[in-house]
Amino acid sequence: MATKHLMRLDLIFKNERDTADILKKVMTKSNNDIINELISSGLKGRGGAGFPTGLKWKLTADEVSDEKYIICNADEGEPGTFKDREILVRVPDKVWTGMAACAKIIGAKEGFIYLRGEYDFLKKELLKSIDEFHLLLDELNFPFRINIFSGSGAYICGEESALFESMQGDRGEPRNKPPFPTQKGYRNKPTVINNVETLAHTYSIFKYGVDIFRDLGVQDSRGSKVFSVSGDTPIPGIYELEFGMTLQRFVEDFGDGDAKAVQVGGASGFCVPRKKFEKTIIGYQGKLTGTSLPTGGSMMIFNSSRSMYNVLHNYLEFFVEESCGQCTPCRVGTQQLLLGIEKVKRGELPSGYLDKLLDLAETMRITAKCGLGQSVANSFSSIVENFKEEMIY
Amino acid sequence: MSDVKQIVHNLTNQYGKSVESLLPILQNIMEINHVITEEAMIEVARELDISAAEVFGTATFYSFLNTSKPYGKYIIRVCKTITCMMHGKNQIIEEIELMLKIKPGETTHDRLFTLLETNCLGQCHQGPAMLINDTPYTQLTPSKVRDIINSYLVLEVSNY
C-alpha cells in the first residue's frame, strides 16, 4: 500500500535468491574487512537497545576461547512487534547467512535460534530452510551448524542473559552485567546474540556494500528499519522505512486521522501524545535534534476513542505477569503501580498519589536488575504525565 | 515402569542427559500429557541427575508449561494484550465461553478444550488472535471462532 510521505524500502524483504553467492563472498573476505564494513555501515542492534553490531562481533572475536556461540534472538515478545516472524518466514536465508558470517569471524561452530514458543508453528519450515543452508556450508567446507531452541512463553527470555539461562535449563532470570555476553554468554562462553532483523541487515550490507546502508537514515541512526504498525490504523502491517522520520509524518501516513498518541517501542517504550508528534524523531539516541526515540520497531497508534488508562492498565498487567520476580523493585514495583492506578481511578486514593507512583517508577528505573524493570517507567511516566486527567476521571 | 517414567526415559534418551535438555524434555512431556506432574518432575530430576527443586523451578516458571490440573487436548490461548483487546478480544472470549461452557483457566469435562488468556502472540496487525495448540488464528470474529472450534469438534467425531 502506498504511503504519502515516507519512502518504503525493500532491502530486507527483497527475495534475492543468491544466498550461495553472498555466502561465498563473505567466506572469502578477511575477518577484519567484514568487521570494518559492519562498523562503518553504522548498523546497530534492531531489537531495540541499539548496540553497534560490528563492535559486538569484534569484541567477541577478540575473546580467547575454544568455544563460542552465535545466537539469533527470535523471542519476539514485545507487545506490538511481529516483524521478526515475517523476516523468518520470508527471507530466512539472510538470517542464516548473517549467523554464518558471524560464526566465521568469532570462531563459532554452533549457532542457535531462540524461537519463542508462540512461533512454534514456524519450526518445520525453518528446519527445512536450515537443512538447505547447511548444504551450502558443506560445499564451502565451513563447519558450522544452526539449531532451533524453543521458548515456552516467557517475555523475559528476550533479555539476552535470561535467554541463556533458559537455554541452560534454568528459569529465565537475567544475570548481573558485567560480564557481558561477549565475554560470558551461553554456557558462560563468549557469545554474540543478535536480533533477527540485525542479522538480516548484515546480508544487505554484504551484498550491496556499506554505502547503500549508510546513506539511509540520519546521524547515529543509519539504515532502514522494519516497523510493526498496529492499533488504530487502516493499514496495519510491516513496513521497512528509513530512520529519522518525525512521528508527525508517520501518523499522517499510518494514522486514521484521529491519532491522539503513539506508543513507540511497545509496552516497554514511550507514549508520545499528539502535541509532541512534530518534534519526536524515530531513531537511536545520539546527536539528533529534538527528542529521539530508540525502538525495536513496535508502533501502536491510539485514536481519541481510546482510554489511555486502559492502555496503561493493560501494559501494567502484562509486566506484573512477565516480571521474573527475582529482584524486588520489579516484582513489587509492577504490582504496586497497577494497584495504585486502580485505587486512584476508583477514588480510593487522591490524585496526588500519582506523583508517588511516578517516583516509584523512577526508582525502578535505577534499581531494577534488568531492562524489564528499568523500562516500566518509560510507558508509565509518559502515559501518566501526558494523560493525567484520564488516569483520574 | 509407569507411563510417565517410560515417557521421561524415552525423552532423555532422545535429548540427552545434560541440563540443556531440561526445557525440551519438559515441553515434550507437556505435549504428550498436557500436564507435568510431580511424578514426572521427580523422574526428570532423577534421569538428569539434578535436584527435583531445580526441575520444579523451571517447570513452574514458563507460562506454556502446566504443573497444575491437566489441560485439555486442545489448548486455546486468546491474546489479551493491547491491540487484540482493542479489536474485540472480549467478544471472542465470550463466544468461546458460551460455546464450550468454560471460563478462562478451565477445561471442558470431556478434556478436549482448555481456555486460557495469554500475553502478546505477535499477531497485533491482525488481531484479535489466538493459538490452538501451535496453530495461530487471526482476525477473529465471534462467528469465525465458532467455525474454528466446530472444525475441531468435527475432527474429534470423525476420529472417534
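Throughout, protein chains are lettered first and strands after them, A, B, ... in sequence-line order, and every chain is numbered starting at 1. Side-chain atoms are counted along with the backbone in the values below, which use heavy atoms only and exclude waters and symmetry mates. In this text, all values refer to a predicted model and were calculated from it rather than measured experimentally.
- Of the listed residues (Arg85(A), His313(A), Met167(A)), the one with the most heavy-atom contacts under 4.5 Å to chain B is Arg85(A).
- With a threshold of 4.5 angstrom between heavy atoms, Ser21(B) does not approach chain A through any atom at all.
- Counting heavy-atom pairs closer than 4.5 Å to chain B, the top-ranked of the candidates Ser305(A), Gly172(A), Ala154(A) is Gly172(A).
- Side-chain contact annotation: Glu160(A) with Asn73(A), donor-acceptor N/O pair under 3.5 Å absent.
- Figure legend: cation-pi geometry between Arg171(A) and Phe61(B) absent, as NZ or CZ is not positioned both under 6.0 Å from the six-membered ring centre and within 45° of its axis.
- Within the 4.5 angstrom heavy-atom criterion, no atom of Asp84(A) approaches chain B.
- When ring centroids are compared, Tyr239(A) and Phe227(A) stay outside the 6.0 Å threshold.
- The closest side-chain donor-acceptor pair between Tyr137(B) and Gln139(B), if any, does not fall under 3.5 angstrom.
- Residues of residues 87-110 of chain B lying under 4.5 angstrom from chain A, judged on non-hydrogen atoms, are His87(B) by number.
- Proximity to chain B is limited to the backbone of Thr81(A), based on heavy atoms less than 4.5 angstrom apart.
- Electrostatic pairing of Lys345(A) and Glu342(A) does not count as a salt bridge here, judged by no charged N lying under 4.0 Å from a carboxylate O.
- Between Arg175(A) and Glu159(A) there is no salt bridge, since no side-chain nitrogen of the basic residue lies less than 4.0 Å from a carboxylate oxygen of the acidic one.
- Heavy-atom proximity under 4.5 angstrom to chain A picks out Pro24(B), Gln27(B) from residues 24-34 of chain B.
- Glu118(A) and Arg77(B) are not joined by a salt bridge, as no carboxylate oxygen comes within less than 4.0 angstrom of a charged side-chain nitrogen.
- Within the 4.5 angstrom heavy-atom criterion, atoms from both the backbone and the side chain of Ser63(B) approach chain A.
- Proximity to chain B is limited to the side chain of Cys157(A), based on heavy atoms less than 4.5 angstrom apart.
- A donor-acceptor pair shorter than 3.5 Å cannot be found between the side chains of Tyr315(A) and Thr81(B).
- For Ile301(A), the part lying near chain B is the backbone, with the side chain staying farther off; criterion is any non-hydrogen pair under 4.5 Å.
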**Item:** Worked check of side-chain contact (heavy atoms from CB on, under 4.5 Å) between Asp75(A) and Leu115(A)
**Value:** CA-CA 5 Å; Asp75(A) 194 51; Leu115(A) 186 70; over 6 Å; no
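- Using modelled atom types, one finds no donor on one side chain facing an acceptor on the other under 3.5 Å when comparing Gln168(A) with Ser166(A).
- The closest side-chain donor-acceptor pair between Thr191(A) and Lys68(A), if any, does not fall under 3.5 angstrom.
- Neither the backbone nor the side chain of Phe164(A) comes within less than 4.5 Å of any heavy atom in chain B.
- Of the atoms belonging to Ile156(A), it is side-chain heavy atoms, and not backbone ones, that fall under 4.5 Å from chain B.
- When only modelled atom types and interatomic distance are considered, Asn66(B) and Ser68(B) share a side-chain donor-acceptor pair under 3.5 Å.
- Contacts between Met86(B) and chain A at a heavy-atom distance below 4.5 Å involve backbone atoms as well as side-chain atoms.
- Salt bridge status for Glu20(B) with Arg187(A): present, with a side-chain N to carboxylate O gap under 4.0 Å.
- Interface check for chain B: of the options Tyr155(A), Phe302(A), Phe121(A), the most heavy-atom pairs under 4.5 Å are formed by Phe121(A).
- Heavy-atom pairs under 4.5 Å with chain B were tallied for Ser228(A), Gly153(A), Pro236(A); the largest tally goes to Gly153(A).
- Chosen from Arg116(A), Glu322(A), Glu173(A), the residue pairing most often with chain B at heavy-atom distances under 4.5 Å is Arg116(A).
- Ranking Leu22(B), Ile82(B), Leu23(B) against chain A, the residue ahead of the rest is Ile82(B), based on heavy-atom pairs under 4.5 Å.
- More than 12 heavy-atom neighbours from other residues, nucleotides or ligands sit within 6.0 angstrom of CD on Glu321(A).
- The only member of Glu78(A), Glu197(A), Glu76(A) that meets salt bridge (Lys or Arg N to Asp or Glu O under 4.0 Å) when paired with Lys83(A) is Glu197(A).
- With respect to Glu47(B) and Lys17(B), a salt bridge is recorded, a charged nitrogen being found less than 4.0 Å from a carboxylate O.
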